[in-house]
Structure formats: structure tokens, C-alpha cells
Amino acid sequence: MTEVVLYGAPYSVYVRIARLTLAEKGVPYRLVEVDIFGDAMAREEQLKRQPFGKIPAFAYGAFELYETPAICRYIDEVFAGPALQPASANARARMMQAISILDSYAYRTLVWDIFVERIMKPKEGGASDESRIAAALPKARICLGALDRLAPGAPWLAGDDLTLADLHAAPMVDYVLQAPEGRMLGEWPRLSRWWSAMTARASMATIR
């Protein structure tokens, strides 16, 4: 059987997105841990797989790929299992809109400006930058509000069925909720219900 390999660090938001996708499709894979922040040799090796030195990178036999949205769409289209992209053009557009919001606006705000500042820096002996956190909160509310409004009345971000948009959002929301500021999620009841449904999925246990 052709082996699926994912290169990256388990804590990485984008590695976790790819792992969720693999889990939802029921695809066995091998995670090769790559520390691009602390290991110079690992960074050099990763540059051979990903010319920008980011994670994850992906291999399915001789086929190699990088960029998380491309990896996740490939996994969904190549492997058996439940479809993670909607059949209708409208719902696919909503899915891609959600992913774009998450990549363009939410990731930096929720993960780096709130989670890293509030949780990771103190854990590593540093001090939180309160001004950075304060500046991030209005942006975070815009991001969460935009996600909440994408598919009104639907249980998932892009409509009636779980899609790649939900898997893209889950690791970012998971991190921001570890900070006290994450309580803002309660301002959007639909998004709160979405999170409860997301955390109940078996795939979430694979990234924790």
C-alpha cells in the first residue's frame, strides 16, 4: 500500500488541519515531526520539500505537495470516505470564503496575537504584550462574526454538512479558547453550537 506521509510539528495549526482531514477521511498516515523553529537541520530538510520552509509538506508515494488547502483538497478528492467539499457551487464558494477568512485574517489574530501572547509566552517565561492582545480583540470579533454569518441556520460553517472549512477553523478556535479572551465565542450562539458539534467528532481526539 502506498504510504501517506505528513511532515510537520504536531502543535502547528496547519499540520493539525491536515491531520483532521486525514482522520475524517479515515486515511492512515505517518507523521514525520519537523521542528522548523528550533532545529536548523530540520529547517534545511524542510526547504527541500517546501521552498518557503513552512509546514506541513505532504507525500503520497512519489507525489509531493505543500500548502494546506491544496493538501486537504487532494486528500478529499483522492481517498475514499465522506466528501469534505460540497456538491453545489454556492456551498463550495462559502467553504472557500471561510478558508480565505481564516487564512487572511483569523490565523494571525486568534493564534499569534491572542493565544501565543496570552498562553505561550508566559508558559515560556516571557510576558504577554497586553497592547497587542487589546488590539487583536476587535479584529477577532470581526473574524468570528464573519464566520458566524456565512451560512445562517446551518449547523456547519458552509452549510448542512461538515466541510474542509470546519476542519480549517477548528485548530484556530481550539487555540484561542485556551485564552480567557476566547470566552468571546459565547457572543455567537450559532458558532458556540458549531464548536460543541466539532469537539464531539472523533477526529478531534487525533490532534490533542
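- Listed for the Thr109 side chain is no donor-acceptor partner under 3.5 Å among the backbone atoms of Ala106.
- Partners of Arg49 by salt bridge (Lys or Arg N to Asp or Glu O under 4.0 Å), not counting sequence neighbours: none found.
- Closest of all the heavy-atom pairs between Trp195 and Leu185 is CB-CD2, 4.0 Å.
- Here the closest non-hydrogen pair linking Ala146 and Ile101 is CB-CD1, 4.2 Å.
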Would you mind writing out the side-chain donor-acceptor pairs for residues 66-85 within the sub-3.5 Å range, not counting sequence neighbours?
unit_1, atom_1, unit_2, atom_2, d
Glu67, OE2, Gln50, NE2, 3.4
Arg73, NE, Gln85, OE1, 3.0
Asp76, OD1, Lys25, NZ, 3.0
Asp76, OD1, Leu84, N, 2.9
Asp76, OD2, Leu84, N, 3.3
Asp76, OD2, Gln85, N, 3.3
Asp76, OD2, Gln85, NE2, 3.0
Glu77, OE2, Gln85, NE2, 3.1

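- Annotation: side chain of Glu45 is not in contact with side chain of Val34 (no heavy-atom distance under 4.5 Å).
- At most 12 non-hydrogen atoms from other residues, nucleotides or ligands lie less than 6.0 angstrom from CZ of Arg183.
- By the criterion of side-chain heavy atoms lying less than 4.5 angstrom apart, applied directly or through intervening Ile, Leu, Val, Met, Phe, Trp or Tyr residues, Tyr11 is grouped together with Val13 in one hydrophobic cluster.
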Show your reasoning for whether salt bridge (Lys or Arg N to Asp or Glu O under 4.0 Å) applies to Asp174 and Arg16. CA-CA 11 Å; Asp174 186 47; Arg16 294 172 92 207; 2.8 Å; yes

Begin with the C-alpha distance, continue with both residues' side-chain angles, and end with the deciding distance and a verdict on side-chain contact (heavy atoms from CB on, under 4.5 Å) for Val116 and Glu124. CA-CA 10 Å; Val116 170; Glu124 294 169 356; over 6 Å; no

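- At least one side-chain heavy atom of Leu164 sits under 4.5 Å from a side-chain heavy atom of Thr21.
- Looking at Arg19 and Glu24, no side-chain N of the basic residue comes within less than 4.0 Å of a carboxylate O on the acidic one, giving no salt bridge.
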Would Gln46 and Arg43 count as a side chain to side chain donor-acceptor pair (under 3.5 Å) here? Give the steps. CA-CA 5 Å; Gln46 189 66 2; Arg43 283 197 303 275; over 6 Å; no

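- Between Met184 and Val176 the shortest side-chain heavy-atom distance does not fall below 4.5 Å.
- Separation of atoms CZ (Arg141) and CH2 (Trp188) is listed at 6.0 Å; rounding is to 0.5 Å.
- The closest side-chain heavy-atom distance from Leu157 to Met95 is not below 4.5 Å.
- A continuous path of Ile, Leu, Val, Met, Phe, Trp and Tyr side chains, each step under 4.5 Å between heavy atoms, connects Leu162 with Leu147, placing both in one hydrophobic cluster.
- The distance between the ring centers of Tyr107 and Tyr14 falls below 6.0 angstrom.
- Pairing each heavy atom of Ile119 with each of Ala179, the nearest pair is CD1-CA, 3.9 Å.
- Side chains of Leu31 and Val15 form a contact here, defined as non-hydrogen atoms less than 4.5 Å apart.
- Arg92 contributes a side-chain N or O that, together with a main-chain N or O of Ala87, makes up a donor-acceptor pair within less than 3.5 Å.
- For Arg201 and Asp166, the salt-bridge test fails: no basic side-chain N is under 4.0 Å from an acidic carboxylate O.
- Listed here is the closest heavy atom pair of Leu47 and Pro51: CD2-O, 3.5 Å.
- Inter-residue side-chain proximity for Arg208 and Thr199 is flagged as met; some heavy-atom pair is nearer than 4.5 Å.
- For Tyr175, the ring-ring contact (aromatic ring centres under 6.0 Å, His included) partners two or more places apart in sequence, or in a different chain, are Phe115.
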